[in-house]
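Proteins come first, then strands; the chains are lettered A, B, ... in the order of their sequence lines, and each starts at number 1.
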Amino acid sequence: MQWEEEMCIVHGDNRSAGDKPPKTVVELWCRARSGHSVTLLVQGLRPYLVVAQKGRPQPADQAQSALEFLASMDEVVEITPLGDLWTDKGEKPHWKVEVTQPYTVPRLRKRIQDLWDVTSADILFVHRLLLDCDLGPHILACGEILWAGERAPAETQNETTGDRTTAAGRIAEAGGSGLYPTDMVLSCNLEDLSKAEPFRTPFVTFSFDLETSIQTNRILCAAAVIDRAGERSEHSFRGEEGDIMEGLTKLVRSEDPDFITGYNIDNFDLPRMLERMDVLSGRSKMDGAELYGWGRVPILESEANRLLPKRQQNRVWRIPGRIPLDAWWQVRQTLRPERESLRYVSKLLWPEEEDMHKLDIDASQMDREWAERPDEVVEYCVRDTILPLDILDRLQSVARKEALASVSLTTVESASLDTTSRWIDSLVIRLADRTNVAVPTTISGPRRRDQIAGGYVHEVESGRQPWIVVLDFKSMYPSIMISNNICSTTLVRDDSTDDSHSVSPTTETRYLSKDERIGLVPHLLEQLMSSRDQHKAALAAARESGDEAEAFLQDQLQYAVKILMNSFYGVFASSFYRFTHPDLGASITEWARHNIRKIISDLETEGYDVVYSDTDSIFVRAPVDADAPINKPEESSSEFESWDRARSETIRFGERLAERFTKEGAELEFETALSAFFSHGAKKRYVGRVIWPREEMLIRGYEVRRTDSFALLSRTMTEMFEMILDGEEWAAVEMTKSVIDDVKEGRANPAELIISRSCKGTLKRDGSVDFSKVYDNPDGLPYVRAAKERIRRGLQFTPGMKVGYIVTDSKASPMDVEPWLVDEIGEDPPVYDPTYYARRLAKSLGRITEAFGWSEKELLSGSRQQSIFDF
DNA sequence: CAGGTATCCTAC
DNA sequence: TAAGGTAGGATACCTG
């Protein structure tokens, strides 16, 4: 029975489907737009690599005997000429060498690379399918139904499609491995797949959590929640450890989720499952599959390798067919919270809902808690599986991954777990293949030592400046790449010159004109720029018509395009990427420095004051009445008119500068107007009172922005900035002195003194953490000592997480610190070292007050003057 | 106690 | 043996 519908590719893999003749099947695990899961078995694609004669271009017929030898090799099935392809040594004849199976490609590449230039030889087979058929994650697929389970659409279920035994046979015949745990299995050919418009897929997510014994590492209980497009069901497991693991595994296999989440699963739950599986199953791999066979493949001896979750080195976990997405990592990336415990994060996200973060179990005493009140432990465990789902919902993590997959034309798994260079690959290789450019392999080996120069940062003077306009270049690096046609394929590598070339300002790196050859990178960036404009227009139209769902989708897509565009520069300025050259990155930043410096010097020549500039931005003093008040007066007040006039003149000045300095391909935008700007004289650290296009305070670089500052410092500094920007520096100093006095007297709230820093480490197989591999002197670092103390006390620590601590004695060397455990186990706060905190406050705040003549020493001395604070 | 090194985090 | 970049500020520890 044939079936056709739209679906989204979650993940893909391939397997051999016979040797004589050699056949390979691509397995695509998908979620249909209508909700059920599908395994697509795609036939008809054969693995290949591409070769050319080494060195300078030579006539194709000189390759004849070498080609004959190549054709005689075991792995090689067929060789076909591709004609001339572009390479950095010129255009030359290439041949497509089809091979038996994907796994032979790297082997063959190594064997022949002394004889041939080998290209297109490090591309994952499933990506090959998306590239060659020009598909993205959203597809329309048509195929023969080999299996239709209970959740498959009713009209697909009948006696034939629903019979397990015969289904397994049909699947094997189509090159699949057996009865996949998906709702449907379809067989199709390459031609049966086509690109579909993006839609929001109703993915299924599985969230789980383990509670384990601190003494023995044994799993005491577990919980899981399934989210099926918003519909949730809760499950809990207790009893024998093996039964718990089997229960979880059965649930994964029957509910068949696309995403697997939880809090800290990457470094805790997933490795712990593997460790306990080893303990319980001994040597039999198939016992292991019953305990932990979460891979989306049948439970068969032949699938032993794909059934279990895996992680190479210290990288992300991979589960064939599914996507492990740690809620902790998503929180870290999108929220950047000061602390990262689940309790802290849930309070941050849902401050109103008390029972969501009720603290009732002491995780550091899990064995005792489990012995005394197992029901509460299970309840606690269930709650900790619901929160990660709520977090992913709130952060829109899944929708973002899907949008990124859609704009980079890759699988959702690749968008979720792969790195920037893979997403770029997906677009670049596709275009290279279509425009006859050979695709070199990624460069391996040691990193380049000499760095390229980066952006220009202007010196900033200490003090306050009134009425400033901030302008910046729109998408500076992408614009430079587009307007100068910067690409590996347009770089002039010999010393030829031509008037049509685009020539970089100082090193005189040359690029071909667009008329001669349009570079891959400029071509793609231009496409992305216009597609972002289209998504933005569609977003506006959807909002207009009240179509919330469409507006959401278009907003996700335009944002994903932005992210993708901004990552081009980094990848092409890197030392390893396949289409890279050191001159590329260097000339992009060279143009950038040149452009911004030119504007600065033009403005200065005309007598304007450039206060600051960083890479693509410029801060200029507006020529307005210097006596106008900088803090906004009441509208009824007599000074209001003066302020308001300064404001409109500043805005007009900003608009005028933007217009004047905007050129074709380099758009300077008027970003904000400030009534006051302050810096203590350090680059990348400044504050501004924004008065246009909205009213707010802008802070960059200062401790206020840093997650490793402490709350009291951030709060005091923010208040200080408010006062300084209002012109009340004396009050700021007095306020600061009173804060420091309180700290010295021991009156500060210790919760405001927590310092939190990320701490690395390597996870050992038995679950313990090794710090000495990543740190020269681990015990010399306060946060490592705090992490060690956490571990000693039976609390979770996973490599990379932030550790909160209080300094208790700074006179000791190294200083004494204690971890902050109040959130997690309700422990009394440590007693802080008043001298240390007073000194840190005075130092950080003193740097700022120094601009007005008050030093750190004066803040610390406590010699407060009579002030408005003394009532 | 000055200066160098290791480390973190941020701006762009 | 996997991989977006550079510029810059700040802190703690260690050494001489």
For [X], answer base if it contacts any base atom (sugar-phosphate contacts may also be present), sugar-phosphate if it contacts only those atoms, and nothing otherwise; contact means non-hydrogen atoms under 4.0 Å.
| X | answer |
| --- | --- |
| A:R422 | nothing |
| A:R847 | sugar-phosphate |
| A:R785 | sugar-phosphate |
| A:Y836 | sugar-phosphate |
| A:G570 | base |
| A:T420 | base |
| A:K683 | sugar-phosphate |
| A:I424 | nothing |
| A:I443 | base |
| A:S444 | base |
| A:H680 | sugar-phosphate |
| A:M815 | sugar-phosphate |
| A:R706 | base |
| A:G701 | sugar-phosphate |

Please determine, for the side chain of [X], which listed nucleotide ([options]) has the closest atom?
| X | options | value |
| --- | --- | --- |
| A:V571 | C:dG4, C:dC13, B:dT10 | C:dG4 |
| A:Y569 | B:dT10, C:dC13, C:dG5 | C:dG5 |
| A:R685 | C:dG9, C:dC14, B:dT7 | C:dG9 |
| A:I452 | B:dA11, C:dT6, C:dC14 | C:dT6 |
| A:K802 | B:dC9, B:dT7, B:dT10 | B:dC9 |
| A:K684 | B:dT7, C:dA10, B:dC12 | B:dC12 |
| A:R315 | B:dT7, C:dA3, C:dA12 | C:dA3 |
| A:R840 | C:dA3, C:dA12, B:dC12 | C:dA12 |
| A:A453 | B:dT7, C:dA7, C:dG9 | C:dA7 |

Send over the distance from [X] [atom1] to [N] [atom2], rounded to a whole Å.
| X | N | atom1 | atom2 | value |
| --- | --- | --- | --- | --- |
| A:D708 | C:dG9 | CG | P | 16 Å |
| A:D450 | C:dT6 | CG | C1' | 13 Å |
| A:N777 | B:dT7 | CG | P | 9 Å |
| A:Q451 | C:dG8 | CD | C1' | 12 Å |
| A:D779 | C:dA12 | CG | P | 17 Å |
| A:R757 | B:dC9 | CZ | C1' | 8 Å |
| A:L584 | C:dG4 | CG | C1' | 14 Å |

ask   = Side chains of A:K474 and A:S479: donor-acceptor distance under 3.5 Å anywhere?
value = no

Residue-phosphate contact under 4.0 Å: [X] side-chain N/O, [N] OP1/OP2:
| X | N | result |
| --- | --- | --- |
| A:Y686 | B:dT10 | no |
| A:T419 | C:dG4 | yes |
| A:S574 | C:dA3 | no |
| A:S758 | B:dC9 | yes |
| A:K760 | B:dC8 | yes |
| A:R700 | B:dC12 | yes |

Measure the spacing between [atom1] of [X] and [atom2] of [Y] and express it to the nearest 0.5 Å.
| X | Y | atom1 | atom2 | value |
| --- | --- | --- | --- | --- |
| A:T808 | A:M815 | OG1 | CE | 9.5 Å |
| A:S772 | A:N777 | OG | CG | 11.0 Å |
| A:L845 | A:M720 | CG | CE | 4.5 Å |
| A:Y832 | A:I754 | OH | CD1 | 13.5 Å |
| A:W329 | A:M801 | CH2 | CE | 13.5 Å |

query = Mind checking the P distance from C:dG4 to B:dC12? Whole angstroms is fine.
reply = 23 Å

Complementary nucleotide of C:dA3, counting Watson-Crick and G-U pairs under 3.5 Å = none

query = Across all strands shown, which nucleotide pairs with C:dC13 by Watson-Crick or G-U wobble geometry, both distances under 3.5 Å?
reply = B:dG4

query = How far apart are the closest heavy atoms of A:W692 and A:E671, and which atoms are they?
reply = CZ3-O, 3.8 Å

ask   = When A:Y805 is tested against each of A:R790, A:E818, A:R757 for side chain to side chain contact (heavy atoms under 4.5 Å, CB included), which residue passes?
value = A:R757

